Trainee: 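Before anything else, here's the structure in question.
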Amino acid sequence: MEVLNAMTRLAVIGAGSMGAQIAQQAALGGMDVTLQDQEPSQLHKARQSHHGHLLRRVEKGKLSQEDADAAIDRVHTTTDLRAAVEHCDFVIEAVFEDVDIKRLVFRELDAAAPTQAVLASNSSTIGISTLADATRRPDRCVNMHFFYPVLVMDLVEIVRGPQTSDSTVARALAVAREMGRTAVVLHKEIDGFIVNRILHAATQEAYRLLDAGVASFEDIDTAVEKGLNWPMGPFRLGDLSGLDVTYNARRHMYRSTADERYKPSPQLEAKVKAGKLGRKTGEGWYRYEK
Ligand SMILES: NC(=O)c1ccc[n+]([C@@H]2O[C@H](COP(=O)([O-])OP(=O)(O)OC[C@H]3O[C@@H](n4cnc5c(N)ncnc54)[C@H](O)[C@@H]3O)[C@@H](O)[C@H]2O)c1
């Protein structure tokens, strides 16, 4: 088994909702991180959110000003993918959920990152074998699925593809640990991994109840929150993660399994088509103050 450096030099590709927080969490764990995005505005937004999150922690007395400053300094940003990865040990890709874009990014990463570097994808739905064969290092490719918001959610699902090596899984586990996150390993590539499979089953049932007029979405959320002790019901959670994300994941599951149980609810589809995507657009199932 390979021995890890004291601290992994990490590159995170894509500075959206997930990438920005993955980079920040890694920096809080003491790692040196380069955060890359093709859009300078996304990098600017990420930096601002880092300052905001850390300032709140300092104000609450959860973090010293010194540690906050150090975490900010550990994240370097660039629009240049080659520069981002040329000296790294480990890459986490978090670009748009689009197979063609991700394959392109993986091909570029393979050409630019050191041969021994691991290429991990944070995709929620795309198994690593679909991306690994765009590279010459399929044994060093792995899914590493974080949860939103990464700064709060402790879990990482590490999913090995048919060609992922034991040492790659060990390195992904070590990176999760360095970031202060708890990891589980899936030995098989499977749609939805563990958490989303279970969540989808429960959410799908909630939509079935809504579509059948059994109860309002508010009451279904209340039932789940009070009766199952989940911190959030499925509709409130959908608004938080983005109804487009929920919808696309469902459509992907439906297409890949042809299982009617995964067919997206017409009411969910209507929300997405109307651009009511949840918190990020100010309205989804619920309305939010800007
Ligand atoms: N949002 C969630 O709740 C969630 C949870 C777990 C996993 N994921 C996965 O994380 C990934 C990112 O999701 P997100 O919600 O952060 O998306 P997002 O749309 O917020 O961010 C994607 C970022 O990728 C950048 N990007 C796109 N193409 C690029 C390229 N070629 N090179 C560099 N940057 C590029 C975009 O500019 C954008 O900043 C997806 O694969 C998604 O499935 C999302």
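All values reported here derive from a predicted model rather than from experimental measurement. Counting starts at 1 for both ligands and their atoms, in listed order.
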Trainee: For ligand 1, does F147 get within less than 4.0 Å through its side chain, its backbone, both, or neither, judged by non-hydrogen atoms?
Mentor: neither
Trainee: Should you measure from each heavy atom of K102, which atoms of ligand 1 turn up under 4.0 Å away?
Mentor: 40 (C), 41 (O)
Trainee: What atoms of ligand 1 come closer than 4.0 angstrom to any heavy atom of G14?
Mentor: 24 (O), 34 (N)
Trainee: Please list the nearest protein heavy atom to atom 33 (C) of ligand 1 with its residue and the distance rounded to 0.1 Å.
Mentor: Q36 OE1, 3.3 Å
Trainee: Can you list everything that forms a ring pair (Phe, Tyr, Trp, His ring centres under 6.0 Å) with F147? Sequence neighbours excluded, please.
Mentor: H145
Trainee: Checking contacts here: is it the side chain or the backbone of I126 that comes within 4.0 Å of ligand 1, counting heavy atoms only? Could be both or neither.
Mentor: neither
Trainee: Where does E39 meet ligand 1, judged by heavy-atom distances below 4.0 Å: at the side chain, the backbone, both, or neither?
Mentor: side chain
Trainee: Hey, what do you get for CD (E178) to CG (L173), rounding to the nearest 0.5 Å?
Mentor: 12.0 Å
Trainee: Looking only at heavy atoms, is any part of Q38 under 4.0 Å from ligand 1, and if so is it the side chain, the backbone, or both, or is it neither?
Mentor: both
Trainee: Taking both backbone and side-chain atoms of H145, is any N or O found less than 3.5 Å from an N or O belonging to ligand 1?
Mentor: no
Trainee: Taking only Lys NZ, Arg NE, NH1 and NH2, and the carboxylate oxygens of Asp or Glu, determine whether R171 and D89 approach each other closer than 4.0 Å.
Mentor: no
Trainee: In sequence, state the C-alpha distance, the side-chain angles, and the governing distance for R261 and D259, and then conclude on salt bridge (charged side-chain N to carboxylate O under 4.0 Å, His left out).
Mentor: CA-CA 5 Å; R261 285 178 307 164; D259 185 335; 2.6 Å; yes
Trainee: Would D133 and R103 pass as an ion pair if we require N to O under 4.0 Å?
Mentor: yes
Trainee: Which of the atoms in ligand 1, numbered in the order shown and given with their element, are less than 4.0 Å from a heavy-atom of E97?
Mentor: 40 (C), 41 (O), 42 (C), 43 (O)
Trainee: For ligand 1 and M18, I'd like to know whether there is a polar contact (N/O to N/O, distance under 3.5 Å).
Mentor: yes
Trainee: What residue and atom, counting heavy atoms only, is the protein's closest point to atom 15 (O) of ligand 1, and at what distance?
Mentor: S17 OG, 3.8 Å
Trainee: Can a salt bridge be assigned to the pair E97 and K102 using a cut-off of 4.0 Å between side-chain N and carboxylate O?
Mentor: yes
Trainee: Between R74 and D32, is the closest basic N to carboxylate O distance under 4.0 Å?
Mentor: no
Trainee: Is the shortest distance from a heavy atom of E108 to ligand 1 less than 4.0 Å?
Mentor: no
Trainee: Is it the case that ligand 1 has an N or O less than 3.5 angstrom from some N or O of S124?
Mentor: yes
Trainee: Would you call the rings of Y286 and F217 parallel, tilted or perpendicular, where under 30° means parallel and over 60° means perpendicular?
Mentor: perpendicular
Trainee: Starting from atom 11 (C) of ligand 1, find the nearest protein heavy-atom neighbour and note its residue, name and distance.
Mentor: V95 O, 3.4 Å
Trainee: Which residue holds the protein heavy atom closest to atom 21 (O) of ligand 1, what is that atom called, and what is the gap in Å?
Mentor: G16 CA, 3.2 Å
Trainee: If you take all heavy atoms of V150 and R181, which pair is closest and at what distance?
Mentor: O-NH2, 3.0 Å
Trainee: Which residue and non-hydrogen atom of the protein lie closest to atom 3 (O) of ligand 1, and at what distance in Å?
Mentor: Y148 CB, 3.3 Å
Trainee: Relative to the heavy atoms of F146, which atoms of ligand 1 are at a distance of less than 4.0 Å?
Mentor: 5 (C), 6 (C), 7 (C)
Trainee: What protein heavy atom lies closest to atom 38 (C) of ligand 1? Include the residue and the distance to one decimal.
Mentor: D37 OD2, 3.4 Å
Trainee: Mind checking whether Q42 has an N or O less than 3.5 Å away from an N or O of ligand 1?
Mentor: yes
Trainee: Give a yes/no verdict on whether any heavy atom in A94 is under 4.0 Å from an atom of ligand 1.
Mentor: yes
Trainee: Check A11 against A84 and note the closest heavy-atom contact, atom names and distance.
Mentor: CB-O, 3.6 Å
Trainee: Quick check on atom 17 (O) of ligand 1 - does any protein heavy atom sit closer than 4.0 Å to it?
Mentor: no
Trainee: Are side-chain heavy atoms of M144 and F90 found at a separation under 4.5 Å?
Mentor: yes
Trainee: Dump the intermediate steps for side chain to side chain contact (heavy atoms under 4.5 Å, CB included) on E269 and V272, then the final yes or no.
Mentor: CA-CA 5 Å; E269 192 165 66; V272 173; 5.9 Å; no
Trainee: Where is the nearest protein heavy atom to atom 10 (O) of ligand 1: which residue, which atom, and how far?
Mentor: N122 ND2, 2.9 Å
Trainee: Which class fits the ring pair W285 and F235: parallel under 30°, tilted 30 to 60°, perpendicular over 60°?
Mentor: perpendicular
